[in-house]
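Presented below is the structure to which this report refers.
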Amino acid sequence: MPVNKFLNNIRSAENPISVDRKMINTIAVLFLGIALGTFSKYLDFRQGELPGVLMAIDGALDVHNFLGRFAIWVLIAMCISVYSNSAIRAGVNVFVFFVGMVASYYLYSNYIAGFFPKSYAMIWFGFTVVSPFLAFVCWYAKGKSKPAFILSIFILAVLFNMTFIYGCWYFEARSALELAVFLIGFLVLRRGTLRHSVLMGIISIALAFLLDMVIPFHFG
C-alpha cells in the first residue's frame with residue numbers, strides 16, 4: 001500500500017471531539033482505573049471473607065485470581081485504545097487508566113492492608129510506563145488496512161497466550177472468565193466480514209503457538 005494512501009486511511013479513522021469531551025473521557029477512565037484497582041485489592045485483602053461465587057470453589061468463578069492476572073487488564077486497555085478517538089488520545093487514556101488502577105491498588109495495599117510487595121509493584125509500574133506507547137500502536141488495529149489486520153492478529157495472539165494454557169497433550173482456558181476475555185477481544189478486533197474475522201482468528205492462534213515457542217511465559 002502506498003504511504004500516502006496508508007496515511008489517509010489513518011487520518012480517516014480519527015474522530016475529532018471537543019476538548020471538554022476529551023477531559024470528561026479521560027477523567028472517567030481515571031476513575032474507572034481507581035475503582036477497579038481498589039476493588040481488585042479489596043478482593044485480594046478480604047479473600048477469606050468472599051462468597052463462593054468469587055472464589056475457585058467447586059468450579060465457581062475465581063474472580064480474585066482472575067483480577068490478579070494480566071489478561072483482563074490487557075483487554076480493558078485494548079478496548080480503551082481502539083475506542084479512543086485518536087492514537088494520541090489512546091496513549092493518554094490508557095496511561096491514565098493504569099496510573100489510577102496501579103496507584104489505588106498499591107495505596108490500598110500499603111495503608112490499609114499493611115504491606116507493600118515491592119518486586120510485584122515494580123512490574124506494574126514498568127507496565128504503566130510503557131502502556132501509552134503500546135496503546136498508541138494498538139489504536140491502529142481498528143483500521144481497515146493490511147497493517148491494521150496484521151496488528152490485530154498479533155494482539156489477539158498475545159491475548160490467546162494470556163488466556164489459555166497448553167502443551168503437547170493438554171489445552172484449556174485458565175478459567176471461564178479468561179475464555180470470555182479472549183472471545184470479547186476477538187469481537188472487539190473483528191474485521192468487516194466474517195471471512196476476514198475467521199481468517200484473523202486462525203492466523204492469530206497459529207502465531208500464538210509460534211510465540212509460545214519463543215516466549216513460553218504467558219503472563220498469567
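Quantities reported herein were computed from a predicted structural model and do not represent experimental measurements.
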Do M162 and L183 share a hydrophobic cluster (ILVMFWY, side-chain heavy atoms under 4.5 Å, transitive)? yes

Do I150 and I203 sit in the same hydrophobic cluster, where Ile, Leu, Val, Met, Phe, Trp and Tyr count as joined when their side-chain heavy atoms come under 4.5 Å apart? no

Is the number of heavy atoms from other residues, nucleotides or ligands within 6.0 Å of CZ (F133) greater than 12? no

Looking at every non-hydrogen atom in both residues, tell me the closest pair between V94 and S81 and how far apart they are. CG2-OG, 3.3 Å

Examine the side chains of N161 and Y166 and answer whether a donor and an acceptor come within less than 3.5 Å of each other. yes

Is there side-chain contact between Y83 and V188, with at least one heavy-atom pair below 4.5 Å? yes

Between the side chains of S152 and R191, is a donor N or O closer than 3.5 angstrom to an acceptor N or O? yes

Hey, does the side chain of W139 reach the backbone of S84 with a donor-acceptor pair shorter than 3.5 angstrom? yes

K142 (side chain) donor-acceptor with V82 (main chain) under 3.5 angstrom: yes

W124 and F70: CA distance, side-chain angles, deciding distance, side chain to side chain contact (heavy atoms under 4.5 Å, CB included) verdict: CA-CA 10 Å; W124 279 105; F70 274 92; 3.9 Å; yes

Can I72 be reached from Y42 by stepping across I, L, V, M, F, W or Y side chains whose heavy atoms are under 4.5 Å apart? yes

When rounded to the nearest 0.5 angstrom, what distance separates CZ in F171 from CZ in F164? 5.0 Å

As an exercise, state the distance from CG of L179 to CZ of R174, rounded to the nearest 0.5 Å. 13.0 Å

Closest heavy-atom pair, A208 versus A157, reported as atoms and distance to 0.1 Å, is CB-O, 3.6 Å

Distance check, rounded to the nearest 0.5 Å: T163 atom OG1 versus R69 atom CZ? 10.5 Å

Partners passing side chain to side chain donor-acceptor pair (under 3.5 Å) against S18 (at least two apart in sequence or in another chain): none

Mind listing the side-chain donor-acceptor pairs of residues 30-37 below 3.5 Å, one per line with the distance, residues two or more places apart or on another chain?
none

Should M200 and F149 count as side-chain neighbours, where that means a heavy-atom distance under 4.5 Å? yes

Kindly indicate whether the side chain of I155, heavy atoms from C-beta on, has any atom under 4.5 Å from the side chain of L189. yes

Consider only side-chain heavy atoms of I, L, V, M, F, W and Y, link residues closer than 4.5 Å, and tell whether I76 and F186 are in one cluster. yes

Are any of the side-chain heavy atoms of V181 and F66 separated by less than 4.5 Å? yes

Determine, using the 4.5 Å side-chain heavy-atom cutoff (strictly less than), whether F115 and V102 are members of one ILVMFWY cluster. no

To the nearest 0.5 Å, atom CG of D212 lies from atom CD1 of I165 at 11.5 Å

Main-chain N/O of M101 paired with W73 side-chain donor or acceptor, under 3.5 Å: no

Nearest heavy-atom contact between L151 and V137 is CD2-O, 3.0 Å

Has N93 got a side-chain atom pairing as donor or acceptor with R89's backbone, closer than 3.5 angstrom? yes

Report the distance from atom OH of Y120 to atom CZ of F125, rounding to the nearest 0.5 Å. 12.0 Å

Which heavy atom in S40 sits nearest to a heavy atom in L67, and how many Å separate them? OG-CB, 3.7 Å

Taking the hydrophobic residues Ile, Leu, Val, Met, Phe, Trp and Tyr, and joining any pair whose side-chain heavy atoms are under 4.5 Å apart, which ones share a cluster with F95? V99

Does any non-hydrogen side-chain atom of Y105 lie less than 4.5 Å from one of T38? no

State whether the number of non-hydrogen atoms from other residues, nucleotides or ligands found under 6.0 Å of I88 atom CD1 is greater than 12. no

Decide yes or no for V158 and V74: does some side-chain heavy atom of the first lie under 4.5 Å from some side-chain heavy atom of the second? no

Atom pair CG (L156) and CD1 (I202), whose distance is rounded to the nearest 0.5 Å: 12.0 Å

Contacts of F98 meeting ring-ring contact (aromatic ring centres under 6.0 Å, His included) (sequence neighbours excluded), chain-then-number -> F127

Set of residues satisfying side chain to side chain donor-acceptor pair (under 3.5 Å) with respect to S131, sequence neighbours excluded: none

Can you tell me which residue pairs pass the side chain to side chain donor-acceptor pair (under 3.5 Å) test with a partner in residues 195-204, sequence neighbours excluded? T193-H196

